[in-house]
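The sequence lines fix the lettering, A, B, ..., with proteins before strands; numbering per chain opens at 1.
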Amino acid sequence: MDALNNVFVNIAAYIRGLFADSHSLSADLTINIIVFLMLFLIMVVAALFLSLVERKFAHWVSQRSGPNRLGPHGWFQFIADAVKMLGKEDIYPANVDLFLFKIAPMMLVGITLMAFGVIPFGKGMVAINLDLGIFYFLAVSSISTLALLMAGWASNNKFSLLGGFRAVAQMISYEIPLLFSLLGVIMITQTFNLSSIIEAQKTIPFIFLQPLAFLIYLIAGIAETNRAPFDQVQGEQEIVAGPFTEYSGLRWGLFMLAEYGNVVATSAIAVSMFLGGWYGPGFLPGWLWFILKIWLVIFIMMWVRWTFVRMRVDHLMHFAWKILLPLSLANIFLTGLGIYIYQLFIPRIGG
Amino acid sequence: MGTIVFFIFAILAIAAASGVVTSRNIVHSAFYLALSFSGVAVLYVLMNADFLAAVQLLVYTGAVSIMVVFAVMLTLRGEVSDSNPENRKWGWGAFISVLLFAVIALVVLTNSDWRVLPSAWTSGGSAEDMSLLLLSQFMIPFEAAAVLLTVALAGAVILAKGVKENQ
């Protein structure tokens with residue numbers, strides 16, 4: 001089990017061992033390129049697979065057929081989708097701002113990939129073991145608003161522009177409860193480093209100490225990834241498809257890639273902040289536990305998406321500013337109080 | 001290695017900054033501004049100030065999108081491709097920029113705190129050092145800023161909620 005647990009760490013150590021000096025620039029560069037390609041593959045495969053799982057899930061929840069033609073029970077549909085998307089003509093309308101129009105989806109994918117860099121998939125299995133881990137994640141993912149606004153503005157289409165504005169309003173508003181809900185965990189562990197935060201959860205996952213924060217994080221996380229019931233950014237009945245209206249083919253595919261990549265990244269952060277990361281019963285290796293927990297959070301997100309209807313725009317804003325924000329502030333206050341009481345009593349009873 | 005990266009991103013930041021003032025389309029100016037801020041964030045990383053770099057991305061680059069929304073909502077111009085005509089009056093702008101640069105250069109060159117260190121700075125940029133300083137030496141400014149921000153937040157919520165007319 002120990003060998004299985006460390007299989008990826010050992011592979012990395014073996015590749016490093018091939019170099020004369022295992023920490024030279026070329027060794028670091030090789031490892032980094034391999035890790036980058038791995039993360040990109042994880043993102044692409046997860047996005048392709050999730051796009052199918054999502055439709056299968058919709059078929060299960062709302063009793064419709066779903067993809068059921070290609071392969072056993074339609075499970076090969078995502079291959080056909082990918083091939084079709086790659087083969088499409090690259091269309092752009094006449095009066096778009098061409099450079100911004102073309103660069104916006106790429107930027108969104110790049111930002112999502114940057115956020116993947118700090119996710120610890122297992123013990124020692126993090127691309128960059130950054131001291132600022134979670135703070136870096138929040139800082140990088142805050143730029144994705146800019147990419148969506150860029151796409152909406154460059155499309156030169158009123159529906160796209162409205163979608164871009166909605167993206168700014170919604171993502172900026174929900175960023176605040178998202179950030180505040182994570183503060184409780186950071187106050188307990190006193191570190192931003194995701195690996196240290198997971199190691200602090202060896203005895204008890206923080207979902208039991210911070211249940212309210214987990215709930216707030218999940219809601220704000222769904223809103224940050226622009227998924228139903230918070231998908232006003234796309235709002236098909238009102239603004240066609242928001243910032244994605246004028247996009248087609250592979251550029252539209254890049255937006256979908258970024259969306260599902262964001263879903264995976266948000267779930268991974270939920271797992272490492274609240275669900276105990278790679279810790280679990282010993283019959284499975286740690287990284288498998290991490291992936292299974294990510295699937296659990298994605299399952300909850302899909303369940304929510306196909307169960308609830310879309311919220312109204314003003315209700316959405318009220319919910320963020322008048323319910324989630326005071327609740328997350330109260331959570332910070334209660335956490336501080338709890339830490340104070342804990343420190344007051346533990347020396348007396350000798351914990 | 002560090003020098004090459006420095007020059008790539010310093011040139012990027014300056015080129016983007018010149019794009020901000022020369023671009024004829026005001027939305028392009030805003031996006032150039034975001035690029036310039038990101039270039040500066042990389043320079044902070046090179047100076048081992050990781051926390052500052054992340055704050056630069058979160059606060060400055062992230063806020064450009066809000067600025068664009070406000071600019072689009074508040075400006076009344078028919079043609080957005082020629083929405084930034086003021087940048088043609090570059091004489092006064094150049095004069096003030098040179099003056100500002102001279103003042104900053106004077107302060108940096110005369111003040112011994114701003115000298116380049118003989119060896120690279122290796123400690124004192126992490127979040128831990130920052131928080132220790134903030135909660136000991138700079139406790140009062142930190143708390144004052146916290147109170148100010150909380151008041152601003154509450155005030156924004158009250159303003160957005162709207163004051164009832166009969167009160």
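Shortest non-hydrogen contact noted between A:Ser181 and A:Leu178 is OG-O, 2.8 Å. Heavy atoms only, all atoms of each residue included: B:Ser29 and B:Val20 are closest at OG-O, 2.9 Å. For the residue pair A:Thr112 and A:Leu108, the shortest heavy atom distance occurs at OG1-O, 2.8 Å. A:Thr189 approaches A:Ala200 most closely through the heavy-atom pair CG2-CB, 3.7 Å. Between A:Ile323 and A:Pro326, the shortest heavy-atom contact is O-CD, 3.4 Å. Nearest heavy atoms, A:Pro177 versus A:Ser328: CA-OG, 4.1 Å.
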Evaluate the criterion ring pair (Phe, Tyr, Trp, His ring centres under 6.0 Å) for residue pair A:Tyr174 and A:Phe230; output intermediate values, then yes/no. CA-CA 10 Å; A:Tyr174 275 88; A:Phe230 305 110; 5.5 Å; yes
Take A:Tyr92 and A:Tyr247 through the test ring pair (Phe, Tyr, Trp, His ring centres under 6.0 Å) and record every step on the way to the result. CA-CA 7 Å; A:Tyr92 48 86; A:Tyr247 286 91; over 10 Å; no
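The backbone N or O of B:Phe51 lies less than 3.5 Å from no partner atom in the side chain of A:Tyr136, so there is not a single donor-acceptor pair. Of the possible polar contacts, one joining the A:Thr191 side chain to the A:Asn193 backbone as a donor-acceptor pair under 3.5 Å is found. Distance alone, capped at 3.5 Å, places no donor-acceptor pair between the A:Ser160 side chain and the A:Asn156 backbone.
Residue A:Ile143 touches chain B through its side chain alone, counting heavy-atom pairs closer than 4.5 Å. A:Leu100 touches chain B through its side chain: at least one heavy atom from C-beta onward sits under 4.5 Å away, while N, CA, C and O do not. Looking at A:Met150, the atoms closer than 4.5 Å to chain B (heavy atoms on both sides) sit in the backbone and in the side chain alike.
With chain B as partner, the option from A:Thr145, A:Val140, A:Leu138, A:Asp97 having the largest number of non-hydrogen pairs under 4.5 angstrom is A:Asp97.
Contact residues of residues 161-170 of chain A toward chain B are A:Phe165, A:Val168 (heavy-atom distance under 4.5 Å). Against chain A, the residues from residues 53-60 of chain B that qualify, each with a non-hydrogen atom under 4.5 angstrom away, are B:Ala54, B:Val55, B:Leu57, B:Leu58 in number order.
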